[in-house]
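Scope of the values below: all heavy atoms of this structure, side chains included, with no hydrogens, waters or symmetry mates. A, B, ... follow the sequence lines: proteins, then strands. Residue 1 opens every chain.
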Amino acid sequence: MFSLYDTMSSSEVALPSVDEKKTIGMYVCGPTVYQRAHIGNARPYIVFAWMKNWLISQGYDVNFVHNITDINDKIYEHTPEGVLSTQHAIDMAKFYNADIASLGLPMPDAMPTVTDTMSQIITFIEQIIAAGHGYVAGEDVYFDVASSADYGKLSGTVDHETLGDGDAAHKKDPRDFALWKSAKPGEDTHWDSPWGKGRPGWHIECSAMAHSELGEAFEIHGGGNDLTFPHHENEVAQSTSVGYAFAKIWAHSGMLTLGGEKMSKSLGNIDPIHAAVERWGAETLLLMFLNSHWHSPVEYSQKTLQAAESRLNTLLEANATVKETEPPADEWAALETVLNKNFNTAEALALLHEWVNKGYKELAAKLLAMFGLGRVASPPQPPADVAAVAQQRLQAKADKDYEQADALRAQVEAAGWLLRDEVDGQVIIPTVQALR
RNA sequence: GCGCGGAUGCCCGAGUGGCCCAAGGGAUGCGCCUGCAAAGCGUAACAGCCGCGGGUUCAAAUCCCGCUCCGCGCUCCA
């Protein structure tokens, strides 16, 4: 039985068994595409892509939906002069797709955009108004927070005094948030609606995309924990206001920090995904995240990354040299225990080391593949020139020309391969560098 | 200030009542091995009690109370 820490109930909540419900709906908030995404943005995607893989191995079918917010104030602000904001959003969304694809995990089953969900969004707003939970003010539409009895239940944010931006004169309550915003001068995108030309508010977009893809109720709603309030709180208010059950589990992943502070575009302490992958490689980044619980923060530092890189080398070496052994029959069950209980990847990683060290190759390969680390189990073969130098080194060694042998070994190492003299001969072992 | 989540070895990081004198990894010392290495093996060091102070219990890193510190949120945010 798989369970996850759920923000709504502040406790671990179990998924229905495969017999009760085979298909799991999973919605994970994606980025607003106004500039290139950073490695912190990638964490929710990574965590839930792993989770999808795991649930499939447990017999479920998983529908992993990861949206692209392609309409937002930020996009207007960041669109270069002379470019349409829609084009800028398309460009950045393409980058995001390429960025997450480079991590080596399965792509989401659906990546809806706001633009493509516009008619459902408008219908949804009409439903909310009809249900008595939304109101029109001029050409804007707001959600009536006071009408929502459970507002604040998800985030525990109940302090009415401090909430709300207050500067929107026609709000009934400062906590009310926009469902539809009328078009402003200078904005190059707007859509027709019963309330005039405009665009949807941020929160309604996600509710609408989630329901449009996954129906009224689904199992897991994920996202970074910085979205708990107001974004997810507002999503809950919108969706439950029309009678939808919405998400069974609210899973909020921890922040990636840099210098002890959240990595964020507005703080500017960011490292873009593409730069991080280029510098460290996907495997090292994945191992860094794998080492800590999905719910905890992770510090993105030279030290953290280097430790992950060393770990990767250790796994590559062990995989290349340890002899295969038959594991105990119920060994896989140990993994199920740790992963099914709140998806404890750090424990799974400990188990992975054990398996690799003991030579349980098949099990290790299966686990590695699930975490997007398949190349650790099946690394590339050394290129012909490297193999040739390795061969020459063997000859030099046989000739007792050790100076030459050491030089050749250094040459191979510079190319990203280790040469080791085992009892049954020289072996060539890949390092992190060989995976690039 | 309020809400939520944390505080475990030199470092990262599991562990939520007894199997914990605390997993796994990273970084270390010595020996064997090796042409020299690396890995491996052996060995050493490695948290004297798991932020601090109380309490509950036959039993606590794990539960309760108070405190300190850190992160996130309080309508830009993964």
Expressed in angstrom and rounded to an integer, what is the separation of A/Ile68 atom CD1 from B/C77 atom C1'?
15 Å
Does atom CD of A/Glu403 have more than 12 heavy-atom neighbours, drawn from other residues, nucleotides or ligands, at distances under 6.0 Å?
no
The Watson-Crick or G-U wobble partner of B/C69, with both key distances under 3.5 Å, is B/G6
Could you pick out which residue, A/Lys397 or A/Leu267, lies toward the 5' side of RNA chain B when each is mapped onto its nearest nucleotide?
A/Lys397
Within the 4.0 Å heavy-atom criterion, would you say A/Gly223 contacts the bases, only the backbone, or no part of the nucleic acid?
sugar-phosphate
Ion pair present between A/Lys366 and A/Glu362, side-chain N to carboxylate O less than 4.0 angstrom?
no
Looking across every strand, which nucleic acid part, if any, lies under 4.0 Å from A/Gly254 by heavy atom: base, sugar-phosphate, or nothing?
base
Regarding A/Leu352, tell me which of base, sugar-phosphate or nothing describes its non-hydrogen contacts under 4.0 Å with the strands shown.
nothing
Looking at B/A27, I'd like to know if its phosphate oxygens (OP1 or OP2) sit under 4.0 Å from a side-chain N or O belonging to A/Lys303.
no
When the P atoms of B/G13 and B/U8 are considered, how many whole Å apart are they?
8 Å
Tell me which nucleotide among B/G35, B/A23, B/A78 gets nearest to the side chain of A/Tyr402.
B/G35
Donor-acceptor pair (no angle test) under 3.5 Å: A/Ser266 side chain, B/C76 base
yes
Please report the distance separating the C1' of B/C12 from the corresponding atom of B/C4, rounded so that it comes out in whole Å.
24 Å
To the nearest Å, how far apart are A/Glu205 CD and B/U75 C1'?
14 Å
Would the base of B/A37 count as contacting A/Arg409 through its side chain, where contact means a donor and an acceptor less than 3.5 Å apart?
yes
Using atom P in both nucleotides, what's the gap between B/G51 and B/U62 to the nearest angstrom?
8 Å
Base, sugar-phosphate, or nothing for A/Arg393, non-hydrogen atoms under 4.0 angstrom?
base
For nucleotides B/A38 and B/C69, find the distance between their P atoms and express it as a whole number of Å.
47 Å
Considering just the side-chain nitrogens and oxygens of A/Tyr5, establish if one lies under 4.0 Å of OP1 or OP2 belonging to B/C4.
no
Do A/Phe246 and A/His211 have their ring centres less than 6.0 Å from each other?
yes
Whole-Å P distance, B/G54 and B/C49:
14 Å
In whole angstrom, give the distance that lies between atom CD of A/Glu299 and atom P of B/G26.
21 Å
Scan A/Met288 against the nucleic acid and name what it touches under 4.0 Å (heavy atoms): base, sugar-phosphate only, or nothing.
nothing
Start at the 5' end of RNA chain B and walk down; is the nucleotide closest to A/Thr321 or to A/Lys74 reached first?
A/Thr321
Are the side chain of A/Asn269 and the backbone N or O of A/Lys262 linked by a donor-acceptor pair below 3.5 Å?
yes
Assign A/Leu256 to base, sugar-phosphate, or nothing according to its heavy-atom contacts below 4.0 angstrom with the strands shown.
base
Round to the nearest Å and state the distance from A/Leu290 atom CG to B/A14 atom C1'.
12 Å
Among B/C76, B/A14, B/C74, the one nearest any side-chain atom of A/Trp202 is B/C76
Name the closest nucleotide to the A/Ser10 side chain, picking from B/C12, B/G5, B/A39.
B/G5
Sub-6.0 Å ring centroid separation between A/His221 and A/His232
yes
Measure from the side-chain heavy atoms of A/Glu261 and tell me the nearest of B/C72, B/G15, B/G35.
B/C72
Quick check on side-chain hydrogen bond (donor to acceptor under 3.5 Å, both in side chains): which of A/Arg393, A/Arg420, A/Gln391 does A/Gln426 satisfy it with?
A/Arg393
Nearest to the side chain of A/Ser310, heavy atoms from C-beta on, is which of B/G26, B/C74, B/A78?
B/G26
What's the closest nucleotide to the side chain of A/Arg420 if the choices are B/U75, B/A37, B/C77?
B/A37
Using a heavy-atom cut-off of 4.0 Å across all strands, would you classify A/Asn291 as base, sugar-phosphate, or nothing?
base
Using whole Å, report how far CD of A/Gln404 lies from C1' of B/A37.
17 Å
Integer-rounded Å distance: B/A38 P and A/Asp406 CG:
12 Å
Against the side chain of A/Cys29, the closest entry in B/A78, B/G15, B/G25 is B/A78
Any side-chain N or O of A/Ser296 below 4.0 angstrom from OP1/OP2 of B/A14?
yes
NA contact type, A/Thr314, heavy-atom cut-off 4.0 Å: base, sugar-phosphate, or nothing?
sugar-phosphate
Taking only N and O in the side chain of A/Asn344, is any of them less than 4.0 Å away from OP1 or OP2 of B/G15?
yes
In whole angstrom, give me the gap between the C1' atoms of B/C21 and B/A78.
42 Å
When rounded to whole Å, the OH to C1' distance for the pair A/Tyr34 and B/A78 reads 11 Å
Can you check the A/Leu315 CG to B/A39 P distance for me, whole Å?
14 Å
Would you say A/Lys262 reaches B/G73's phosphate, i.e. side-chain N/O to OP1/OP2 under 4.0 Å?
yes
Establish, with yes or no, whether the OP1 or OP2 oxygen of B/A14 is under 4.0 angstrom from a side-chain nitrogen or oxygen of A/Ser292.
no
Remember a base hit wins even if backbone is also touched, and classify A/Pro31 as base, sugar-phosphate or nothing at under 4.0 Å, heavy atoms.
sugar-phosphate
From the options B/A37, B/U75, B/A38, select the nucleotide whose nearest atom is closest to the side chain of A/Asp421.
B/A37
In whole angstrom, give me the gap between the P atoms of B/C72 and B/G40.
39 Å
Any cation-pi pair here, A/Lys265 with A/Tyr34, using under 6.0 Å and within 45°?
yes
Counting any heavy atom closer than 4.0 Å, what does A/His252 reach on the DNA or RNA strands: base, sugar-phosphate only, or nothing?
nothing
Any chance the rings of A/Trp294 and A/Phe343 have centres within less than 6.0 Å?
no
P atoms of B/G25 and B/C63, separation to the nearest Å:
27 Å
Checking the side chain of A/Arg436 only, and the main-chain atoms of A/Arg279 only, is there a donor and an acceptor separated by less than 3.5 Å?
yes
